[in-house]
There are 2 protein chains.
Amino acid sequence: MKFRNQVEWALHCCSLMSSLPEGRYLSTRSLSEFHGVPKEYLGKALQGLSKAGLVLTTLGPSGGYRLAREVGQITFLDIVEAVEGRKSTFQCSEIRANNPCRPANACDDRPCAVARIMWRADEAWRRSLAEVTLADLQDMLAEDLAPDMLKRSFDWLLERAG
Amino acid sequence: MKFRNQVEWALHCCSLMSSLPEGRYLSTRSLSEFHGVPKEYLGKALQGLSKAGLVLTTLGPSGGYRLAREVGQITFLDIVEAVEGRKSTFQCSEIRANNPCRPANACDDRPCAVARIMWRADEAWRRSLAEVTLADLQDMLAEDLAPDMLKRSFDWLLERAG
DNA sequence: CAATCATGGACATTCCATATCCTAGATTGG
DNA sequence: CCAATCTAGGATATGGAATGTCCATGATTG
């Protein structure tokens, strides 16, 4: 019951790309150096973001990734699902069908009650993540971090952005 | 990002034990037969419930498990956490410390903003599961299932209960 | 006293997260 | 045009966790 590391990486990469000026791109190499994570493996996560349409890419030198939408239009749920998929935390294996008292021709018009309850909790979880955008994260970071550190990070980013 | 099978098994076992008359017990063997799951492995999940204080046990022939509290006093969250543990879905690896622009003496007074958002979603998930008890599940099943099947399952249970 | 039970440790197996490496094709800067 | 750099993505290792089996122990019951 744990997320991939890639989810954390993808979220932090999106956070960094949130400060990227219009039309510029950040390469996998730069993103991996900034966060201290393996470049090749991070690439898989970024490809997930790309396939989900959350980021745009260009090839060649000075290529890389940038956000495909405004920071206010990308939610945490978008990013998590792009990397982790849309599977529910609870997978119903239809245990109820094994009940020895169940007639062979029994048909279930509704999903198993246990699954319904677990899936409702999943929905609450998704709703919570869908309420937070990258813009909200930017606001939180502006409160958390010292202004000069934000400035230095931004300069670092400008140096690398193609 | 998926639960153990044991979580599903434990929930269904608790559901069955909800109909158990006062003072009677159900063995691992019976529970595994009813649900069609491996006895030895199911035993591990039931031991989890036992260690969490959700069920009582007795040894010897006619021994087994029964709920330790009223059905209205055992929540889905209780059961899930007894089997799965209390780990969060999101594990913060403090990626922010790898930021090359970060001064060596920097200290963080708050958890990483990304983690705070993810943990808030976990809380919403837990709250949802904490709102549902085994009594609620019984009500749902009474609506879902044909009365004669509930009756047959109950008789099956009485035959096995020690 | 023999059968049955929970507990728990040891062990095998299968699957997945976590990588690493390489090739192909596209693009850019010189 | 050419060399360098980029993304995309396939092939392959590896470690650890999920899944499942087996057995020993001690308690309880009939």
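Below, chains carry the letters A, B, ... as their sequence lines are ordered, and counting in each starts from 1.
- For B:K44 and C:dG9, a side-chain-to-base donor-acceptor distance below 3.5 Å is present, hydrogens and geometry of angles not being considered.
- At distances below 3.5 Å, at least one donor-acceptor pair connects side-chain atoms of A:N99 with backbone N or O atoms of A:C101.
- Between C:dT20, C:dT28, C:dC5, one nucleotide has an atom nearer to the side chain of B:S27 than all others, and that is C:dC5.
- If you measure from atom CE of B:M17 to atom P of C:dA6, you get 11 Å, rounded to the nearest angstrom.
- Among all heavy-atom pairs drawn from B:H35 and A:N98, the shortest one is O-ND2, 2.9 Å.
- Atom CD in A:Q47 sits roughly 16 Å away from atom P in C:dG25 (whole-Å rounding).
- Of the listed nucleotides (D:dC23, D:dT7, D:dA11), D:dT7 has the atom at the smallest distance from the side chain of A:L59.
- For C:dT14, the OP1/OP2 oxygens have no side-chain nitrogen or oxygen of B:Y41 closer than 4.0 Å.
- Put simply, A:T58 has no side-chain N or O that comes within less than 4.0 Å of OP1 or OP2 on D:dT7.
- For B:S50, the side-chain atoms get nearest to C:dT7 when compared with the rest of C:dT28, D:dT19, C:dT7.
- Checking C:dT7, C:dA17, D:dC6 against every side-chain atom of A:K87, the shortest atom distance belongs to C:dA17.
- In the set C:dT28, C:dT7, D:dT7, the nucleotide with an atom closest to the side chain of A:P61 is C:dT28.
- No donor-acceptor contact under 3.5 angstrom links the side chains of A:N5 and B:S93, judged on distance only.
- Side-chain contact, A:S27 with A:S30: a donor N or O sits under 3.5 Å from an acceptor N or O.
- Rounded to an integer number of Å, the gap from B:Q91 CD to C:dA17 P is 15 Å.
- In this structure, B:R4 atom CZ and C:dC15 atom P are separated by 18 Å, rounded to whole Å.
- Note: the hydrophobic cluster containing B:L46 also contains B:L20 (ILVMFWY, side chain heavy atoms under 4.5 Å, direct or indirect links).
- D:dT5 atom C1' lies 9 Å from atom CZ of A:R29, rounded to whole Å.
- As judged by a 4.0 angstrom heavy-atom cut-off over every strand, B:G162 is placed among residues making no nucleic acid contact.
- Residues B:L31 and B:L67 share a single hydrophobic cluster, defined by chaining ILVMFWY side chains whose heavy atoms lie under 4.5 Å apart.
- We find that CZ of A:F3 is positioned 18 Å from P of D:dA17, with the value rounded to whole Å.
- For A:P38, taking side-chain heavy atoms from C-beta onward, the closest of the listed nucleotides D:dA8, D:dG30, C:dT20 is C:dT20.
- Using a 4.0 Å heavy-atom distance criterion, A:Y25 is classed as making no nucleic acid contact.
- Note on B:G64: only backbone sugar-phosphate atoms sit closer than 4.0 angstrom, heavy atoms only; bases stay farther off.
- Judged by distance alone, with hydrogens and angles left aside, B:K51 brings no side-chain donor or acceptor close enough to the base of C:dG8 to form a pair under 3.5 Å.
- Taking atom CG on B:L42 and atom C1' on C:dC5, their separation rounds to 14 Å, with Å as the unit.
- B:L46 places its CG atom 8 Å from the P atom of C:dA6, with the value rounded to the nearest Å.
- Of the two residues near DNA chain D, A:M1 and A:T57, the one whose nearest nucleotide lies more 5' is A:T57.
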